[in-house]
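Heads up, the thing below is written out as structure tokens.
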Amino acid sequence: MEKTYQPEQIEIRWYERWEADGRFAPSGEGEPFSIMIPPPNVTGSLHMGHAFQDTIMDTLTRWKRMQGRNTLWQVGTDHAGIATQMLVERKVAAEEGKTRHDLGREAFIDKVWEWKHESGDHITRQLRRMGASVDWSRERFTMDEGFYKAVQEVFVCLHEEGLIYRGKRLVNWDPTLHTAISDLEVENRDQQGSFWHFRYPLADGVTTDDGKDYLVVATTRPETLLGDTGVAVNPADPRYASLVGKFIELPLVGRRIPIVADEHADMEKGSGCVKITPAHDFNDYEVGKRQDHMLINVFSKDAAILERAEVYNFKGQPQPDVDPTLPAMYAGLDRFEARKQIVADMDALGLLEQVEAVNNTLPYGDRSGDVIEPLLTDQWFVAVESLAKPAIEAVENGDIQFVPKNYENMYFAWMRDLQDWCISRQLWWGHRIPAWYDAEGNIFVARTEQEAREKHGLGADVTLTQDEDVLDTWFSSGLWTFGTLGWPEKTPELETFHPSSVLVTGFDIIFFWVARMIMLTLKFTDEVPFKTVYVHGLVRDAQGQKMSKSKGNVIDPIDLIDGIEIETLVEKRTGNMMQPQKAKAIAKATRQEFDGGIEAHGTDALRFTFLSQATTGRDIKFDMSRLDGYRNFCNKLWNASRYVLMNAEGEDCGAEFDNDKSSEVELSLADRWIISQLQKTEAQVTKAMEEYRFDHASQALYEFVWNEYCDWYLELSKPVLWDAEANDAAKRGTRRTLVRVLEAILRLAHPMMPYISEEIWQRVAPMAGTFKGTNDSIMVQPWPQAEQAKVDEQATLDIEWLKGVIIAVRNIRAEMNIVPGKPLDVMLAKGRPEDQSRLESNRLFLSKLAKLESVTWLANPDDAPLCATQLVGEMEVLVPMADLIDKDVELKRLVKEIDKQDKLIGGIEKKLGNEGFLAKAPEAVVEKERGKLKDFQAARKLLLEQHEKIQAL
RNA sequence: AGGACCAUAGCUCAGUUGGUUAGAGCGCCACGUUGACAUCGUGGAGGUCGGCGGUUCAAAUCCGCCUGGUCCUACCA
């Protein structure tokens, strides 16, 4: 073995080997366990969030596989409608100077497929680097033929049931992308805005009670004035009671609009009068509906002012009787231009009463960054109410459980206030909506045009055109758990692996995806999509900032694995930016944070870091120093293995002797102890994994490997192995323990650190007798199970004693500035009989580990010469110091120690002096305190004696 | 405005049903390298558990209020 751990030499090799050996496919045996990967964007690349998520999924998958479950980790990607289309549009623009419209729909779609083929395996390659044990043979893409079939089936069925409908409704419209987006794709940002107060003249010579001939309405969006259909006042507002039923003459437009009473108007706010614009505001839409107003749309798809308004009733029917005339001077003006102009014109008319500065929030499209406009358009919707009910129940009754549990509240809150879901998108890349129209605009929904004709008896003479729009990507990913398994066919995979066992996902897409999956899956399979939802937090940068390309603080997980030069990193972060003006600052910050670039750490160290930070659903600040630390841990494990191999390879490791009582194999105290500790660790790690506490699982492993196996057991093995006089059975016992415990460690580690564990296991397993032929792999070994019978409490106590004495001697060395290598003569005094017997049976270990010349039991403590002392329980560890002792230093140390004991004693005495405590605390607690008091007092007494002795010098 | 979550060592975080001498890693200080590992070893310093109040014999842990932070939902006519 190499002297240091070098991940790059082993990782790719092992992944290729596993894949070639078909290790990732379900075994076909055992109780099924399945995880469906949240499909990443097919043309995307792996970011830290993916890497984190994939680590968790792979750890669960490998763990369950080792537990003998029939394990499927289903892999695949989604087509990411808007994101991919935008990317290809930009690419086409850059390369050919053309828009998608120049190319036409078909040619453009070809371009997207080309791009998919070109870049589509990037993310899957990265998944492989992460060690993901996904079943590549079952890889799915949402735009695959088979998956499309599932999408059509669902659409048609829902439509037949009346749960999908088409309607003219207000949607969040992205004027840049020219498509509807869901409210989840809208980002609300705070900003400084203006609040314009306008005077709306009363028609027909009417005046207010206080004699004014106008009402004041305020708005943050003056340009919508053109679409006003009325002014609302609160029905209980005495100020305007006399005006209800009267009219306003809408300025600039000249339209007569009614004053209506509606509870939407808040008497406390502003003047108490609200302008109503049903076609441009979600609240006003509701008011307009109640008041039987028209919908007057004044915006084009670009959010520019129309020449003539479009007028509809609330059924979406055009209203030719309403005069659609709009002022000519605004026609074609962009909404923000129009706003300026309208404000200026109102001012000129003396109708601008005041402009107030306000803090408000504005909706932005998370893709385009443009301000979202509520716009009246024809869209397809899913009526979610009847779907939501069972979806809520599934979580309420525990069929689906969230981990951590508090996310269930977030889910309920959203589900109980659900709007119908707009599923059509005005894009080209996606699942085309399976609906056809005849010349009159009649709608025929079917799986194919052929079916549409047959179903509705349409002759060949009827021209049908398919709906131009595509479906929201989340509509198709909502079918992911069962669509990937072959639905609507009744496949054996569907039978076996659905419902899936766990969904691992970020909280940010609970609404987007999780909720919709639950609704659609229950509807179409009568099963939940998954039994558990493990929700993890966001991976943030070291400062706690969200990682984003525009901030220039993203880290490519692959760069943490392979390392990256600083110049390459700067280039990567500042190249191809949307906002190039930020490049300089980003370069500077990057150079500051990653001075010498990033070193290679390997996949296992990265995975272990993620796991150790995976606490209960909170965000994680990615910490480079922890990554360093876990790479060191890999190295530690590597070197411990090196030691084991050096001492065991080619030697008799007793693999064939299974009976520990056999005279052929003799186990030392240390052997029994480490075996005992291993059982506890196995139990701990398993429990932690069951509870999704990967931080606890990784920590339990780390502590056992480093602080017990390496720090103590390996050291304790040396005296046995290097003792020329030790018998063969003892050596065999120690070698066997070294090897078997290491082999178990590797199996415990494997789900978390697949590569290093496999690499070492290949060398260790043959000696441990667990290797079954040349093609064997740790991936299919049984998960370690704690055996209660091997827990040896006596051995634990004995080793604790031994460690205590060794540490006491080390302490004395440090206190007295004695070099670590100098052999010492040590005496043990006071204490109990078992202390003496422990000394006799551990003399060898003690001498070697504490580097002692001699160690003797002092029957009469008064015989002790002048010594430095330490306490182990009630026993004193004495190192004769003769004239070497520094009186002042030692006195000071003792005083400090005595003070410490005094404080402890004081605390307990106070407790025990409290009658309430004695009366009400459980007896066991009281007893424990009494015991502690006794110990502390005994320690204090010894320290005091020692102090007096030295004082007397 | 409503809600959720968070606040523990210089940093990143654990701390299960109240009873621990409040822990880990990293960092820091001192010492140390012939026999697995300097990606290391040994020893050490460092915390009034955000603040105030309450419940209790006992609070980092339970309750209330406050402060600071993150996020979500709503509103902003």
Side-chain angles (χ1 to χ4, degrees), chain A residues 1 3-5 188 193 195 217-221 224 231-232 264-266 269-277 281 283-284 287 358-362 404 406-407 409-410 413-414 417 507-508 511 537-538 540 542 544 546 599 601 605 612-613 615-647 691 693 695-696 699 702-703 706-707 710-711 714-715 718 722 807 810-811 813-815 817-821 900-901 903-904 907-908 911 914-922 924-926 928-929 932 936:
Chain A
M1 284 175 92
K3 197 172 169 183
T4 53
Y5 163 61
N188 292 305
F195 205 26
V217 297
T219 180
T220 53
R221 299 170 58 209
T224 63
V231 169
H264 172 64
D266 184 341
K269 278 189 191 167
S271 64
C273 304
V274 196
K275 73 196 245 336
I276 302 300
T277 324
D281 181 282
N283 287 314
D284 291 5
V287 178
V358 289
N359 293 316
N360 58 0
T361 54
L362 233 48
N406 51 321
Y407 283 102
N409 290 329
M410 190 165 155
W414 192 73
D417 184 30
F507 65 89
D508 48 332
F511 309 142
L538 240 54
R540 297 169 176 276
K546 232 176 187 164
E599 286 178 17
H601 292 84
S612 74
Q613 301 221 87
T615 66
T616 47
R618 56 194 272 181
D619 287 357
I620 63 177
K621 283 194 212 178
F622 191 78
D623 184 358
M624 280 297 281
S625 67
R626 283 185 76 160
L627 180 60
D628 290 339
Y630 293 123
R631 181 189 51 179
N632 295 353
F633 176 59
C634 290
N635 187 60
K636 191 75 181 176
L637 180 58
W638 183 263
N639 273 289
S641 307
R642 216 159 72 88
Y643 166 82
V644 172
L645 291 171
M646 285 168 73
N647 286 284
E691 293 169 344
R693 286 306 299 264
D695 57 330
H696 289 170
Q699 203 191 345
Y702 184 101
E703 278 179 1
W706 201 310
N707 302 338
C710 291
D711 282 353
L714 293 191
E715 295 309 316
K718 288 173 185 175
W722 297 348
I807 288 168
R810 286 176 184 165
N811 259 315
R813 282 185 195 274
E815 299 282 354
N817 280 324
I818 305 166
V819 290
K900 195 174 145 194
Q901 299 299 322
K903 268 190 201 142
L904 292 170
I908 293 177
K911 242 185 211 180
N914 182 340
E915 291 194 15
F917 177 71
L918 296 174
K920 296 191 180 172
V925 174
V926 178
K928 199 174 159 195
E929 292 300 317
K932 272 161 40 180
F936 294 151

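Every chain is numbered from 1 and lettered A, B, ... according to where its sequence line falls, protein lines coming before strand lines. Just so we're clear, the structure is a prediction, and the values are computed from it rather than from any experiment.
- Close to B:rC76, at under 4.0 Å from its OP1 or OP2, lies no side-chain N or O of A:Thr220.
- Using cut-offs of 30° and 60° on the angle between ring planes, the pair A:Trp638 and A:Tyr5 is tilted.
- When distances run from any side-chain atom of A:Asp623 to the nucleotides B:rU12, B:rC57, B:rC71, the shortest one goes to B:rU12.
- Nucleotides of RNA chain B nearest to A:Asn409 and A:Asn707 differ in position, and the one nearer the 5' end is that of A:Asn409.
- Here, B:rC28 and B:rG10 have their C1' atoms 8 Å apart, quoted to the whole Å.
- Among the atoms of the strands shown, none is found under 4.0 Å from any heavy atom of A:Ser641.
- Nearest to the side-chain atoms of A:His696 among the listed nucleotides B:rU39, B:rA36, B:rA14 stands B:rA14.
- For A:Thr361 against B:rC75, a side-chain-to-base donor-acceptor contact under 3.5 Å is present.
- Base contact: A:Val925 has a heavy atom under 4.0 Å from a base atom.
- With rounding to whole Å, A:Asp266 atom CG is found 13 Å from B:rA1 atom C1'.
- Residue order along RNA chain B, read from the 5' end via each residue's closest nucleotide, puts A:Ala542 first among A:Ala542 and A:Leu904.
- Nucleic acid contact class of A:Tyr407 (heavy atoms, under 4.0 Å, all strands): none.
- Taking atom P on both nucleotides, B:rG18 is separated from B:rU61 by 12 Å, rounded to a whole Å.
- Of the candidates B:rG35, B:rC76, B:rA14, B:rA14 carries the atom nearest the A:Asp695 side chain, counting heavy atoms from C-beta on.
- For A:Asn635 and A:Asn639, the side-chain atoms include at least one donor-acceptor pair closer than 3.5 Å.
- The CZ atom of A:Arg540 sits 11 Å away from the P atom of B:rC13 (whole-angstrom rounding).
- Distance check on atom C1': B:rG68 versus B:rU8 gives 16 Å, rounded to whole Å.
- Between A:Lys3 and B:rC37, a side-chain N or O to OP1/OP2 separation shorter than 4.0 Å is present.
- Atom NZ of A:Lys621 and atom P of B:rA14 are 12 Å apart (whole Å).
- To the nearest angstrom, P of B:rU73 lies 8 Å from CE of A:Met410.
- Rounded to a whole angstrom, the distance from the P atom of B:rG47 to that of B:rA22 is 12 Å.
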Q: Would you write the dot-bracket representation of RNA chain B, where each base gets (, ), [, ], | or . depending on whether it forms a Watson-Crick or G-U pair under 3.5 Å and with which partner?
A: (((((((..((((.....[...)))).(((((.......))))).....(((((..]....))))))))))))....
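- Rounded to the nearest Å, the gap between the C1' atom of B:rG44 and that of B:rU48 is 23 Å.
- Listed nucleotides: B:rC76, B:rC5, B:rU20. Nearest to the side chain of A:Lys932: B:rU20.
- Residue-level contact check: A:Ala919 touches neither bases nor backbone, having no heavy atom under 4.0 Å from any strand.
- With both ends at atom P, the span from B:rC62 to B:rC49 equals 15 Å, rounded to whole Å.
- Nucleic acid contact class of A:Arg221 (heavy atoms, under 4.0 Å, all strands): none.
- Between the P atom of B:rC76 and the CG atom of A:Asn283 lies a distance of 5 Å, rounded to the nearest Å.
- In this model, the phosphate group of B:rG15 is approached by a side-chain N or O of A:Arg693 to a distance below 4.0 Å at OP1 or OP2.
- In this model, no side-chain donor or acceptor of A:Glu929 finds a partner on the base of B:rA58 within 3.5 Å.
- No contact: A:Leu538 has no heavy atom under 4.0 Å from any strand.
- Nucleotides B:rG46 and B:rC29, compared at atom P, are 16 Å apart to the nearest Å.
- Contact check for A:His601 versus A:Met624: side-chain heavy atoms found under the 4.5 Å cut-off.
- As judged by a 4.0 angstrom heavy-atom cut-off over every strand, A:Lys903 is placed among residues making no nucleic acid contact.
- Among the protein residues, A:Ala924 comes within range of no part of the nucleic acid, since none of its heavy atoms lies under 4.0 Å from any strand.
- Here A:Tyr702 does not lie in a stacked arrangement on the base of B:rG25, lacking the combination of planes under 30° and ring centres under 5.5 Å apart.
- Residue A:Glu715 is in base contact, counting any heavy-atom pair closer than 4.0 Å across all strands shown.
- Taking only side-chain nitrogens and oxygens, A:Arg626 never comes nearer than 4.0 Å to OP1 or OP2 of B:rG25.
- Looking only at side-chain heavy atoms (C-beta outward), A:Thr219 and A:Phe195 stay at 4.5 Å or farther from each other.
- The CZ atom of A:Phe917 sits 7 Å away from the C1' atom of B:rC57 (whole-angstrom rounding).
- Summarising the geometry of A:Leu714 relative to A:Ala640, their closest heavy-atom pair is CD1-CB, 3.8 Å, with the distance given to 0.1 Å.
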Detail all sub-3.5 Å separations between protein N/O atoms and N/O atoms belonging to nucleotides 40-46 of chain B.
from	atom 1	to	atom 2	distance (Å)
B:rC40	OP1	A:Asn632	ND2	2.9
B:rC40	O3'	A:Lys636	NZ	3.2
B:rG41	OP1	A:Lys636	NZ	3.2
B:rG41	OP1	A:Trp706	NE1	2.6
B:rG43	O3'	A:Asn811	OD1	3.1
B:rG44	OP1	A:Asn811	OD1	3.4

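- You'll find the side chain of A:Leu538 reaches within 4.5 Å of the side chain of A:Phe507, heavy atoms only.
- Checking B:rU12, B:rC57, B:rC37 against the side-chain heavy atoms of A:Asn914 singles out B:rC57 as nearest.
- Between A:Phe622 and A:Leu627 there is a side-chain heavy-atom pair separated by less than 4.5 Å.
- Formation of a donor-acceptor pair under 3.5 Å by the A:Asp281 side chain with backbone atoms of A:Asp284 is found in this model.
- For A:Lys928 and B:rA58, the NZ to C1' distance is 13 Å, given to the nearest whole Å.
- Using a 4.5 Å heavy-atom threshold, the side chains of A:Arg221 and A:Thr277 count as separate.
- Using a 4.0 Å heavy-atom distance criterion, A:Phe622 is classed as making no nucleic acid contact.
- Put simply, the side chain of A:Leu362 does not reach to within 4.5 Å of the side chain of A:Asn188, judged on heavy atoms.
- Side-chain atoms of A:Gln613 and A:Lys621, non-hydrogen and from C-beta on, never get closer than 4.5 Å to each other.
- If you check every strand for non-hydrogen atoms under 4.0 Å, A:Asp281 touches nothing.
- Among the protein residues, A:Cys710 comes within range of the nucleic acid bases, having at least one heavy atom under 4.0 Å from a base atom.
- By the 30° and 60° cut-offs, the orientation of the rings of A:Trp722 relative to A:Tyr643 is perpendicular.
- Looking only at side-chain heavy atoms (C-beta outward), A:Val231 and A:Val217 come within less than 4.5 Å of each other.
- Between the side chains of A:Asn283 and A:His264, no donor-acceptor pair is found at a separation under 3.5 Å.
- Residue A:Ile620 contributes atom CD1, which lies 11 Å from atom P of B:rA14 at whole-angstrom precision.
- Using P as the reference atom, B:rA9 and B:rA24 are 14 Å apart when rounded to the nearest Å.
- A:Glu915 comes within 4.0 angstrom of no nucleic acid atom, judged by non-hydrogen atoms across all strands.
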